[in-house]
Amino acid sequence: MTATCTITDWVCLACGTLCDDLTLTLDPSGPIAQLEPDCGPARLWWERVAQTASGPVAAVNGQPTSFQTALDCAAERIRAARSPRLVGLDATSLEGQRAAVALAERIGAVIDSGSAEARARLAAMARVGRCSATFGEVHARADQILIWACDPTTTHPRFLTRFVDPPGRFAVAPRNVIVVGSTPNATSARASLCLSVRPEQRIAALATLLALLRCAPIRSEQVAATTGQTLDAWTTLADALRRARYGVVVTDSTLDDPVEYEALLRLVRALNQRPDGRFVHLSLGLPGNAAGAEAVLGWQAGYAPDVTFAAGYPAMGVPDLEHDLTIELGSAFNLNRAPAAAVATIRIAPDATVTPPEPAVAIASSALGISESGTVIRSDGLALPVLSVVPSSRPSVAAILRELLQRLPDAAEQGTSP
Amino acid sequence: MSGRLWVIRGGRVIDPANGVDEVRDIWIDADRIVAPPADPESRPARLLDARGAVVMPGGIDVHCHIAGPKVNAARLMQPEISREAPPRPRRAGFRSGTGGVVPTSFTTGYRYAGLGYTFACDAAIAPLAARQAHHELADTPVIDKAFLILLGNDHFALERIGQGRASALRDYLAWMLGATRGYGVKVVNPGGIERWKQAQGTTSSLDDPVPGFDVTPRAILTEIARAVDELGLPHPVHIHGLNLGLPGNAASTLELMKALDGHRAHLAHIQFHSYAGDPSDQESMASGVEPLADYVNAHDHLSLDVGQILFGPTTSMTADSAVAEYLHRLTGRKWLSHDVELETGCGVVPIEYRHTQFIHALQWAIGLEWFLRVNDPWKLALSTDHPNGGSYLAYPRIIGWLMSRALRDEVWAALPAPARSRSALADLDREYTLAEIAIITRAAPARMLGLADRGHLGPGARADVTIYRDDPDRVRMFELPRWVIKSGQIVIDDSELRAAPDGLTLHNAPAHDDAIIPEIRDHFDRHASIRFAHFPLRSEEAP
Amino acid sequence: MNTPRKLGETIVLDSFAEAFPMAAARLVITADSVRWAETAARVMTGYATSVIGCDLEAGAIERLEPDATPDGRPGVSVLAFAFSRGALEKALVNRVGQCVMTCPTTAVYNGLPLGDQPINVGGRLRYFGDGYQISKRLHGRRYWRIPVMDGEFTCEECFGTTRGVAGGNLLLLGSDRAALLAAAEAAVFAARLVPGVLLPFPGGVARSGSKVGSKYRSLRASTNTAYAPTLRGLVPSELPEGVDCVYEIVIDGLTLEAVERATALGLRAAAQPGVAYLSAGNYGGRLGPYHIRLHDVLNRFPE
Amino acid sequence: MSLRLIWRDATRLPVDGGRLRPDGLADLAPAEAAAVRLPVGNGEVSLGDLFAVSGLDAPPGTLRIEGDLRGVARVGQGMGSGHLIVSGNLGSDVGSEMTGGRIDVYGNVGPWAAAEMRGGLIHVHGHAGDRLGSARPGSRLGMRDGIVLVDGDAGACVGQSMRRGLIAVGGAIGPAAGHAMIAGSLFVFGSAGMHPGLGMRRGTLLFGTGIDPALLLPTFVPSGHDRPPFLAVYLRELAALGFKPAGRRTPRLRRYNGDLSIGGQGEILVAVE
């Protein structure tokens with residue numbers, strides 16, 4: 001690049017809001033010159049991921065090597081593996097995920113793609129279902145926003161400013177924002193009602209709200225003891241929820257208890273029993289394409305977020321089983337992801353060759369959202385096209401996986417199916 | 001040319017579109033059916049001996065739900081189905097998958113092919129879900145596909161209809177089809193979903209207002225039908241009407257049929273819209289098919305698919321989120337609901353149809369009444385509204401009931417007496433011929449969808465051919481085709497899947513006046529949560 | 001009558017009791033104290049002397065130690081006989097519902113093996129719970145817990161039934177009513193030592209022996225004219241000279257053997273001075289399949 | 001003929017032990033049993049490679065397994081008859097969907113033991129993991145019948161959506177015990193985790209040695225004290241089955257009704273003496 005370059009409608013993968021309306025101006029040397037509207041996490045993400053473009057294209061045992069040699073080496077290790085595991089599906093595009101699931105199927109791998117939130121949400125959804133909506137419905141209709149145990153102002157900086165602050169087609173501003181959780185936080189500062197509740201008190205709080213909606217006779221002293229708030233406080237909140245024409249409960253990826261999740265989804269469902277009001281739940285997603293991983297696994301395997309192909313067909317996966325090989329996608333992609341517990345045997349990522357710990361086989365890919373195009377899915381189910389904005393000679397994750405798949409012919413698979 | 005030319009020899013060819021029902025050869029060149037070579041001595045590259053077998057065009061499903069976030073949500077909400085149905089292990093050249101009533105995408109393609117079907121039309125994709133749907137359909141092998149986009153509650157469309165701007169509506173539909181790579185236009189509970197999303201109940205009559213929009217269901221239906229006609233789309237507007245599943249809805253269905261006079265229209269899963277009785281009293285339900293069928297018999301602007309139900313567990317999935325909520329309240333089962341901005345809703349509820357249950361028994365009879373009361377089979381297509389009424393895998397059983405009164409009677413006898421007193425099914429003696437089955441499973445759906453080169457075996461047709469053993473057990477015959485040929489390639493041989501080529505996803509992109517685009521862009525900028533630039537599919541996204 | 005046999009001074013006629021099968025059940029009633037368990041049992045077995053005029057023949061109340069009851073509380077067992085399982089079920093549902101459920105602290109359990117043809121008692125009483133009844137199932141047995149004002153009434157759902165034997169009987173004939181009654185009481189005491197037998201009449205003794213039919217069409221049975229001393233001369237009498245009083249002891253049992261053993265014990269205990277004859281009632285062998293011959297049981301069940 | 005399998009500790013990779021159940025295995029000759037294939041990771045190996053196989057002098061239908069099999073899942077899954085005796089730990093899904101027979105584990109078992117169990121008896125003499133006797137993802141019903149005894153502790157969501165049967169835990173139980181229970185009995189004789197009985201529709205959750213009532217959700221309302229006779233029936237049965245923690249004396253109980261948040265009519269019984 002020789003001059004600054006400006007990209008409009010850039011899709012940012014730094015947080016689960018997956019904003020697609022950013023204007024990005026890049027210095028000739030690479031870093032962000034200007035971001036409009038500005039956003040801290042977006043800048044941080046860009047810097048973290050974009051800087052990885054400098055390492056070698058591939059490495060085996062830490063020694064730089066060619067792409068082809070690394071692929072051969074990876075294939076050899078995969079062939080030898082008896083319990084391979086694939087992680088990091090959220091760090092690649094729908095195209096990459098489709099290839100990754102195909103690979104996992106061919107090699108009989110276990111896919112651990114789930115965040116604790118995804119596991120909790122899908123488990124709860126499988127029990128009670130879920131009432132949800134796209135972000136735009138919140139913008140258009142929501143009059144009551146219940147922020148449940150999260151702080152989108154900090155973690156998803158533009159969620160509220162894009163979809164809640166401005167008036168919508170059927171909703172006037174300001175909308176009523178209620179915060180329940182470990183407050184005060186940046187979001188509670190703007191709430192009309194704010195109930196401070198410790199994490200272990202939230203299930204009791206949800207039970208209390210559900211009981212109030214049913215007008216059940218509950219014990220006020222026990223409410224206070226188990227929820228940390230008075231029955232009056234919860235009654236006030238329940239009344240506000242009851243008044244909602246179109247209410248929204250917002251949670252984020254820290255909601256990871258399937259029991260609490262189920263109670264929350266039951267509350268939303270109960271609020272839909274009112275004849276004159278609707279209620280939906282919105283989960284602010286993780287960075288990247290975690291929702292895409294759920295979708296691809298759903299249509300290719302029938303289960304998400306964890307799937308095992310060990311038996312030659314998809315079955316619901318059990319996380320944290322013993323394995324003898326890990327294929328990791330996109331290690332630096334997610335700002336929040338804890339480093340993998342074990343060293344990856346094969347890592348396919350923009351920073352595969354530069355970020356420790358050093359894997360046996362590292363293959364550097366282009367970076368989705370920077371130097372790679374593809375499709376991603378937002379946590380509300382809307383699919384977005386992501387375009388490469390900085391050209392790169394490196395292959396995409398999907399291309400690398402397809403190359404790998406070619407080195408692992410079908411015939412090698414006999415005998416694993418029952 | 002003759003090097004690739006091959007022949008299906010000596011089968012009984014049933015090709016109603018070309019008026020053929022006789023033993024003859026079918027010649028195939030690459031992916032097309034061709035006229036027999038002029039030289040009687042010309043030797044085919046391959047000869048498929050179909051003597052004694054029945055040769056038909058590949059089956060065509062005009063209405064099913066096999067792609068998009070709604071189907072996927074049904075999978076993820078019901079891991080128990082995937083777990084309990086036998087899985088499909090992978091083998092060389094084929095992908096693995098799970099089964100049940102909402103199988104995985106690969107399994108869906110393989111199973112359609114295994115049933116002798118070569119084309120399926122997903123009837124309800126939200127425009128904002130089109131991008132994902134194309135990915136799923138790309139992973140649905142063997143068969144060719146198309147999908148219809150949901151526009152009956154689309155804000156931009158509703159506004160234009162309210163403003164009386166027919167040409168703007170037309171341009172919007174055309175642009176939308178191009179942007180989503182959709183095949184046709186679907187209207188689900190026009191205006192009713194929007195009203196439900198506003199928590200004002202759904203619409204129950206054609207003239208109920210849609211708050212916030214200066215329209216009624218009647219206006220939405222007729223204007224979209226008009227626009228689709230004027231655009232010359234191959235498939236007429238595809239309609240899921242009002243009051244689905246409610247006793248007494250036959251009256252509004254008749255109103256709807258009359259309102260569409262002068263337009264082409266396809267009425268989907270008509271079984272669910274044909275009930276007499278009082279909406280507030282489930283027990284009052286009765287068949288309301290007869291007057292509706294009389295209307296259809298007397299008019300030529302309508303086509304139908306039936307939406308037959310089967311007894312057993314299945315999954316209800318619909319864009320009509322009001323219906324899903326109703327089902328949830330009725331059954332108490334888990335309920336998925338997802339509101340899609342600007343466009344539509346979506347609801348998924350597990351359901352089990354039981355032959356001992358009055359309503360379900362009646363629904364079964366009402367579906368069959370439709371098949372037997374519409375005189376001209378060209379007006380009607382076989383469907384289960386997969387998976388709403390049951391899986392498409394049940395088509396052979398339905399064919400059995402249509403071809404044999406005795407098979408119907410077996411089921412009928414086991415139904416509860418109150419249900420039998422509310423349907424005249426037992427008075428209907430009609431039995432379908434093989435040619436009529438060929439019409440409702442391939443020739444008619446092809447014609448309804450405007451697929452000129454499908455649903456028949458004349459020269460120029462796509463070489464999608466299904467060859468059945470002429471088995472007196474018609475259910476078994478249609479369950480296990482002897483051969484299935486997709487685009488000239490044998491994909492099923494000896495009832496086994498032998499090849500799984502990728503299928504096409506068809507779409508229509510009619511011309512439109514670009515002047516509409518700034519208006520659409522402005523609409524997006526004000527109301528959508530994604531940028532206008534990210535809405536239309538790029539060409540590489542849906543080849 | 002041939003070859004009379006004597007027990008002491010008493011002549012045991014070579015007669016036989018004609019017994020017939022009846023459906024039988026055994027209930028275990030527990031309570032916080034044995035007193036309340038007994039109270040329930042007594043009330044429940046009231047008006048249960050003969051299925052000629054009652055829905056049930058019931059009684060034989062036996063105390064059970066806490067260790068011998070399902071819930072570890074003091075209790076009693078009760079036997080109940082009726083013409084059919086259906087009749088038994090109906091009668092028990094009514095009686096348990098009216099007499100045990102109402103009685104403080106009680107619970108009712110099945111006291112026989114469940115078998116393959118049990119009757120349903122708790123399952124019919126459960127509706128009293130008005131939707132708040134709770135079912136508990138353990139090892140194939142179901143218990144219904146019905147909320148009542150002192151806590152909950154527990155009633156097992158199913159009760160095993162057995163093909164019991166009813167209609168075993170003894171007749172004591174003599175002239176001294178007081179001596180005869182004393183002998184009858186002794187016979188009752190002795191017969192009741194046999195487990196699984198029920199002597200359903202008051203104190204185990206009946207004075208109104210009956211015959212089948214009546215001059216009144218609506219009556220199924222009427223007084224046993226042949227054994228009524230005051231009718232001698234008016235009707236054909238079965239009473240020997242000098243007999244002015246007859247008492248009958250009716251014996252039901254869970255098994256034929258129990259009835260026979262009780263008959264033998266009763267005979268021996270009844271053979272006291274003042275009892276001229278011991279006999280048994282029958283219908284000439286036409287009605288019941290079991291013939292309990294007095295001489296035979298005396299032989300088979302020696303002292 | 002009965003069988004004895006001794007774990008060779010030959011692999012740490014996940015083993016699908018679904019074929020390790022007495023019905024189907026115990027009546028095989030040792031050599032036949034050794035040839036049975038077991039899925040390990042993405043492949044299969046012979047049972048004989050994983051276990052030393054020998055005959056066993058025991059009643060017919062007895063399968064005895066020895067060793068630390070914590071990486072082996074689904075042992076006894078779906079079993080319908082026989083006696084499985086395990087000396088050592090097992091992985092997940094022990095005895096899930098089981099319909100009959102008896103399993104004794106002298107060790108610990110992983111999560112999902114007795115999941116959707118339909119009959120029979122499992123006695124875990126050590127500890128059990130999460131979701132003991134619970135419903136599988138998406139299923140409407142958890143344990144449907146049978147008896148599960150755990151001498152030690154058990155994890156989270158024990159008895160989730162349980163429909164019938166008895167689970168007795170001698171030690172402490174994790175959070176959300178009896179979650180969304182539909183019916184059945186869950187007896188605990190140690191301490192309770194958070195939110196016992198959440199979403200209970202019916203059924204009995206007993207804390208036989210008492211817990212701090214402050215633990216209970218506000219949507220359970222006290223309904224007095226009682227010593228219900230049925231409980232004595234159960235305790236005697238447990239004692240007869242060799243489950244020691246229960247004791248023979250029926251404690252006096254405080255009863256709580258709920259979960260009112262879903263209109264439930266379940267009961268939590270808490271011993272008060």
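If you're wondering where the values come from, they're calculated on a predicted model, not measured in any experiment.
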Is it true that C/Arg145 and D/Glu267 have a side-chain N and a carboxylate O under 4.0 angstrom from each other?
yes

Discussion item. I'd like to check C/Arg73 versus D/Pro229 (side-chain heavy atoms, cut-off strictly below 4.5 Å). Are they in contact?
Written reply: yes

Note to self: Is it the case that atom CZ in C/Phe128 sees more than 12 heavy atoms from other parts of the structure closer than 6.0 Å?
What the structure shows: no

Heavy-atom nearest pair, C/Tyr132 first then D/Gln265, reads CD2-OE1, 3.5 Å

Taken to the nearest 0.5 Å, the spacing of D/Arg202 CZ from C/Ser135 OG works out to 9.0 Å

The interface call for D/Thr204 against chain C, heavy-atom contacts under 4.5 Å, is both

CZ (D/Arg164) and NZ (C/Lys136) are apart, to the nearest 0.5 Å, by 11.5 Å

Note: D/Phe230 and C/Thr154 closest approach over all heavy atoms is N-OG1, 4.1 Å

> Does the side chain of C/His139 reach to within under 4.5 Å of the side chain of D/Ile147, using non-hydrogen atoms?
Replying inline: yes

Bottom line for D/Leu238: the part with an atom under 4.5 Å from chain C's heavy atoms is neither

Open item on the list: I want to check something: taking the side chain as every heavy atom from C-beta on, are D/Asp145 and C/Arg137 in contact at a cut-off of under 4.5 Å?
Closed with: yes

Indicate yes or no: does D/Arg227 engage C/Asp32 in a salt bridge with an N to O separation below 4.0 Å. no

In terms of heavy-atom contacts, C/Leu138 and D/Val233 come closest through CD2-O, 4.5 Å

With a 6.0 Å cut-off (strictly less than), is the heavy-atom count around CD1 of C/Ile52, excluding the residue itself, greater than 12? no

Turns out that what part of C/Pro147 lies under 4.5 Å from chain D's heavy atoms comes down to neither

Within a radius of less than 6.0 Å around CZ of C/Arg35, do more than 12 heavy atoms belonging to other residues, nucleotides or ligands occur? no

From the list C/Ile134, C/Thr105, C/Thr30, the residue making the most non-hydrogen contacts under 4.5 Å with chain D is C/Ile134

Non-hydrogen side-chain atoms of D/Arg255 and C/Glu152 separated by less than 4.5 Å
yes

Applying a strict 4.5 Å limit to non-hydrogen atoms, the region of D/Leu231 in contact with chain C is neither

